[in-house]
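Data first, discussion second: the structure below is written as structure tokens.
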Amino acid sequence: QKFSLNESGRVCAPEGILGISSLLNHPNANRLLSELEVRYYVPTNAIKPESFGENTSLMKDMLRGLSGLKKLQLSGFIVNDDLINFLTVRSGGSFGGAGPVAICPLTTEMEFTFTNVSREVMGAMIASRWEANKSLRSVMFSGAGFADFADEDDRVKSCIEEGLIVSKV
């Protein structure tokens, strides 16, 4: 199952993400979902500053329940350092386990477009997911300001040498 949300125009509150989250919180929906695409092409000056944190929080809540997700595509103002840090695999068991803890642990493909994420944070997330179990197979950047990223980040370079595919459009 695939779910896509493409939103453009003036979004001043997180209703769109809240609606997706409500839909995906249905027990049958989140088990079957294998692809999630959320694209918000909205001028940042059209967004209330207090909505940024609320949108990130809602995205985290939504992703937390999608353990079977294989492909994740995110674009726009919802992709920020806080959300990418959330997707970074942590060792130790912040949820009570002993091994690495990952949100969307089965995700094999990720795509980011028009993001507002630092290269350091993105590199740490990619490397952590690759090093945890090598289930992440490809990461694509499109218009995200990461044109030479794969060549500059040593952690990502190492992952590429081991088989990770990083592409840019």
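Among residues two or more places apart in sequence or in another chain, the salt bridge (Lys or Arg N to Asp or Glu O under 4.0 Å) test is passed with Glu131 by none. Scanning for side-chain contact (heavy atoms from CB on, under 4.5 Å) contacts around Ser167 gives Met140, with sequence neighbours left out. Qualifying salt bridge (Lys or Arg N to Asp or Glu O under 4.0 Å) partners for Lys157, counting only residues two or more places apart in sequence or in other chains: Asp154. The salt bridge (Lys or Arg N to Asp or Glu O under 4.0 Å) test applied to Glu162 returns Lys134, not counting sequence neighbours. Under the salt bridge (Lys or Arg N to Asp or Glu O under 4.0 Å) criterion, Glu120 pairs with no residue, sequence neighbours left out. For Ala124, the side-chain contact (heavy atoms from CB on, under 4.5 Å) partners are Arg155, not counting sequence neighbours.
No side-chain heavy atom of Thr108 sits under 4.5 Å from any side-chain heavy atom of Leu136. Residues Leu74 and Leu83 meet the side-chain proximity criterion, which asks for heavy atoms closer than 4.5 Å. Contact annotation: the side chain of Lys60 approaches that of Asp82 to within less than 4.5 Å [non-hydrogen atoms, C-beta and beyond]. The closest side-chain heavy-atom distance from Phe141 to Val166 is below 4.5 Å.
Interatomic distance, Met122 CE to Phe112 CZ, rounded to the nearest 0.5 Å: 4.5 Å. Here the CG-CG distance, from Leu58 to Leu63, works out to 11.0 Å after rounding to the nearest 0.5 Å. Considering OG of Ser57 and CE of Met59, their distance stands at 11.0 Å, rounded to 0.5 Å. Rounded to the nearest 0.5 Å, atoms OG (Ser142) and NZ (Lys168) are 12.5 Å apart. From Met110, atom CE reaches atom CG of Leu72 across 5.5 Å, with rounding to the nearest 0.5 Å. Atom CD1 of Ile160 sits about 10.0 Å away from atom CD1 of Ile165, to the nearest 0.5 Å.
Asn133 and Pro105 make their closest contact through ND2-O, 4.2 Å (heavy atoms, listed as atom of the first residue, atom of the second, distance). Contact between Arg64 and Phe86 at its shortest, heavy atoms only, is NH2-CE1, 3.3 Å. Between Asp153 and Arg119, the shortest heavy-atom distance links the atoms OD2-O, 4.1 Å. The two residues Trp130 and Gly163 come nearest to each other via the heavy atoms CH2-C, 3.8 Å.
At distances below 3.5 Å, at least one donor-acceptor pair connects side-chain atoms of Asp81 with backbone N or O atoms of Ser118. A donor-acceptor contact shorter than 3.5 Å links the side chain of Thr107 to the backbone of Leu69. Of the possible polar contacts, one joining the Arg129 side chain to the Leu87 backbone as a donor-acceptor pair under 3.5 Å is found.
Under 4.0 Å is where a charged nitrogen must lie from a carboxylate oxygen, and between Lys70 and Glu35 no such pair does.
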Walk me through whether Glu109 and Arg137 qualify under salt bridge (charged side-chain N to carboxylate O under 4.0 Å, His left out). CA-CA 6 Å; Glu109 297 176 57; Arg137 302 305 306 154; over 6 Å; no
